[in-house]
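When a residue number appears, it is its place in the shown sequence, counting from 1. Just so it is clear, the structure is predicted and the values come from calculations on it, not from any experiment.
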Amino acid sequence: MGEPTRRPRILAIDDCPLVHGLLKHHLRHESAEIHIAGGASEGLAMAKSIRPDVVLLDIELGESGDLDGFEILARLKADEATSEAAVIFLSASASTEARVRGLDLGAIDFVAKPFEAAELRARVRSALRIRQLVRMLAQKARIDGLSGLWNRAYFDRRLDDEVSESRRYGRPVTLVLADIDHFKRINDGFGHPVGDAVIERFASILSTGRASDVPCRYGGEEFALILPGVSAASAIEVAERIRRRLSEERWSGHDRLQVTASFGIADLDACGVDATAATLVEAADEALYRAKSAGRDRVYAVADPVSRRTA
């Protein structure tokens with residue numbers, strides 16, 4: 001399980017075409033995408049669009065009447081989309097005051113102009129390593145400790161992103177909510193270690209889909225599966241496969257134990273033109289309630305209001 005991977009991105013914001021050429025030349029062998037912006041407005045817009053890992057930022061941009069590097073840095077750090085970028089200032093000034101101000105605003109390093117190629121590459125590599133470590137720590141904080149799936153906080157953010165992407169590009173997105181049936185009885189009758197094992201096994205089954213699927217632990221014995229690019233009709237097949245696999249599981253040392261789950265499905269199209277992530281959750285939760293009310297161990301979809309169950 002993991003987020004989509006991509007090559008690291010470096011954005012240089014500098015108003016000097018000669019510097020553009022030098023940066024591209026010196027960093028051409030680095031395993032990163034190099035993007036160039038010639039001014040503040042272009043740089044801020046590009047940063048929001050590509051979400052760079054490292055920004056090489058000229059302090060003296062303000063000489064052309066544009067925002068200076070300090071103002072750009074402040075705006076980058078104030079925007080959630082760009083706040084985590086590692087910013088390295090490029091400056092012909094050796095002023096201690098400028099360095100202190102930049103560090104206070106959130107820059108992580110300085111490279112003096114004219115820069116040495118080896119020093120530039122070393123500082124960029126160091127910044128990329130820092131970004132990777134920060135990303136790994138952030139990812140760990142978004143993972144549920146027992147199931148190993150994404151946690152509720154990550155689910156909330158990711159579903160918002162997927163709904164936005166669906167609206168922007170006109171692609172479907174479907175949400176599956178699942179609840180392990182009679183989970184309290186499992187804990188009471190077989191003990192909490194067995195209950196934990198059930199959660200771990202179900203999480204493992206949920207993780208057997210496409211790399212782009214997003215399995216999450218929603219809370220307690222509840223789980224969520226975000227399916228980007230998938231219609232409700234296809235999601236029904238996915239949920240049925242998961243339901244069957246769980247119901248067919250055998251539990252070593254507990255022959256009397258049979259575990260089942262109920263599933264509620266909603267896709268964005270079925271929720272109306274003004275649907276939000278919250279609307280989608282509400283619709284899937286209603287479908288899950290209907291699946292449980294109809295006897296559990298079944299799949300119910302908003303877009304297909306006939307509960308389905310494989311004998």
Side-chain angles (χ1 to χ4, degrees), residues 1-14 23-24 26-37 43-44 46-59 69-70 72-91 98-112 115-162 165 203 207 211-217 226:
M1 182 193 70
E3 291 184 284
T5 57
R6 60 170 174 79
R7 292 177 66 198
R9 293 171 182 167
I10 300 171
L11 171 62
I13 306 176
D14 196 296
L23 290 173
K24 287 182 178 178
H26 292 322
L27 299 175
R28 68 189 186 281
H29 295 307
E30 302 302 310
S31 58
E33 299 176 11
I34 311 298
H35 301 263
I36 301 292
L44 288 169
M46 192 177 293
K48 192 174 183 68
S49 173
I50 68 171
R51 301 197 177 195
D53 298 280
V54 174
V55 176
L56 301 173
L57 178 57
D58 181 21
I59 291 182
F70 297 114
I72 295 173
L73 175 59
R75 295 194 183 191
L76 289 172
K77 293 302 177 183
D79 189 331
E80 185 179 354
T82 57
S83 61
E84 294 183 357
V87 178
I88 300 175
F89 267 137
L90 305 176
S91 176
R99 290 174 179 266
V100 170
R101 184 181 176 191
L103 292 171
D104 283 343
L105 286 171
I108 67 164
D109 208 345
F110 280 80
V111 174
F115 40 75
E116 295 288 336
E119 179 187 8
L120 174 69
R121 287 193 292 268
R123 293 185 184 276
V124 166
R125 289 171 187 167
S126 176
L128 287 172
R129 285 194 296 271
I130 290 171
R131 276 294 294 127
Q132 178 63 16
L133 289 172
V134 170
R135 187 179 291 110
M136 290 171 62
L137 289 171
Q139 178 169 315
K140 186 174 182 181
R142 298 195 297 265
I143 291 177
D144 175 66
L146 176 58
S147 67
L149 301 181
W150 299 112
N151 63 20
R152 176 64 181 274
Y154 179 82
F155 167 82
D156 290 339
R157 183 179 69 80
R158 182 65 180 270
L159 188 62
D160 279 336
D161 290 345
E162 292 297 341
E165 291 288 295
S207 301
S212 57
D213 296 346
V214 188
C216 307
R217 189 176 182 193
I226 304 171

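- In this structure, CD1 on Ile226 lies 10.0 Å from CG on Asp213, to the nearest 0.5 angstrom.
- Shortest non-hydrogen contact noted between Leu128 and Asp53 is CD2-CB, 4.0 Å.
- Contacts classified as salt bridge (Lys or Arg N to Asp or Glu O under 4.0 Å) and involving residues 118-130 (residues at least two apart or in different chains) are given here: Glu30-Arg125, Asp109-Arg123, Glu119-Arg123.
- Side-chain contact between Glu33 and Ile50 is absent, with no heavy-atom pair separated by less than 4.5 Å.
- By the side-chain hydrogen bond (donor to acceptor under 3.5 Å, both in side chains) test, Gln132 is found to be paired with Arg135, residues two or more places apart in sequence or in another chain being considered.
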Chi angles and distances behind the side-chain contact (heavy atoms from CB on, under 4.5 Å) call for Leu103, Phe110: CA-CA 9 Å; Leu103 292 171; Phe110 280 80; 4.2 Å; yes
side-chain contact (heavy atoms from CB on, under 4.5 Å) evaluation trace for Val124 with Leu56: CA-CA 9 Å; Val124 166; Leu56 301 173; 4.0 Å; yes
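- Of all the heavy atoms in Ala107 and Leu73, the pair that sits closest is N-CD2, 3.7 Å.
- Considering only heavy atoms from C-beta on, Trp150 stays 4.5 Å or farther from Asp144 through its side chain.
- Checked by atom type and distance alone, the side chain of Arg51 never pairs as donor or acceptor with a backbone atom of Glu84 at under 3.5 Å.
- Atom CG of Asp14 sits about 11.0 Å away from atom CD1 of Ile59, to the nearest 0.5 Å.
- The number of heavy atoms from other shown groups lying within 6.0 Å of CZ (Arg75) does not exceed 12.
- The aromatic rings of Phe70 and Phe89 stand perpendicular to each other, their planes meeting at an angle above 60°, with 30° marking the opposite boundary.
- Leu11 and Gly43 get closest at one heavy-atom pair: CD2-O, 3.7 Å.
- Ala117 and His26 get closest at one heavy-atom pair: CB-ND1, 3.4 Å.
- The distance from the CZ atom of Arg157 to the CD atom of Glu162 is 10.0 Å, given to the nearest 0.5 Å.
- The shortest distance between side-chain heavy atoms of Leu44 and Leu76 falls below 4.5 Å.
- In this structure, the side chains of Leu120 and Leu27 come closer than 4.5 Å at one or more pairs of heavy atoms.
- With sequence neighbours excluded, the residues that form a side chain to side chain contact (heavy atoms under 4.5 Å, CB included) with Ala127 are Val54, Ala86, Ile88, Ile108.
- Of the inter-residue distances, the one linking Leu159 atom CG with Asp161 atom CG reads 9.0 Å to the nearest 0.5 angstrom.
- With sequence neighbours excluded, no residue forms a salt bridge (Lys or Arg N to Asp or Glu O under 4.0 Å) with Glu116.
- When the ring-ring contact (aromatic ring centres under 6.0 Å, His included) test is applied to Phe155, the partners found at least two apart in sequence or on another chain are Tyr218.
- You'll find the side chain of Leu23 stays beyond 4.5 Å of the side chain of Ile34, heavy atoms only.
- For Lys48, the salt bridge (Lys or Arg N to Asp or Glu O under 4.0 Å) partners at least two apart in sequence or on another chain are Asp79.
- Here the closest heavy-atom approach between residue Ala85 and residue Lys77 is recorded as O-NZ, 2.8 Å.
- Among all heavy-atom pairs drawn from Ser207 and Leu149, the shortest one is OG-CD2, 3.2 Å.
- Proximity of a side-chain donor or acceptor of Asn151 to a complementary backbone N or O of Gly145 within less than 3.5 Å is not detected.
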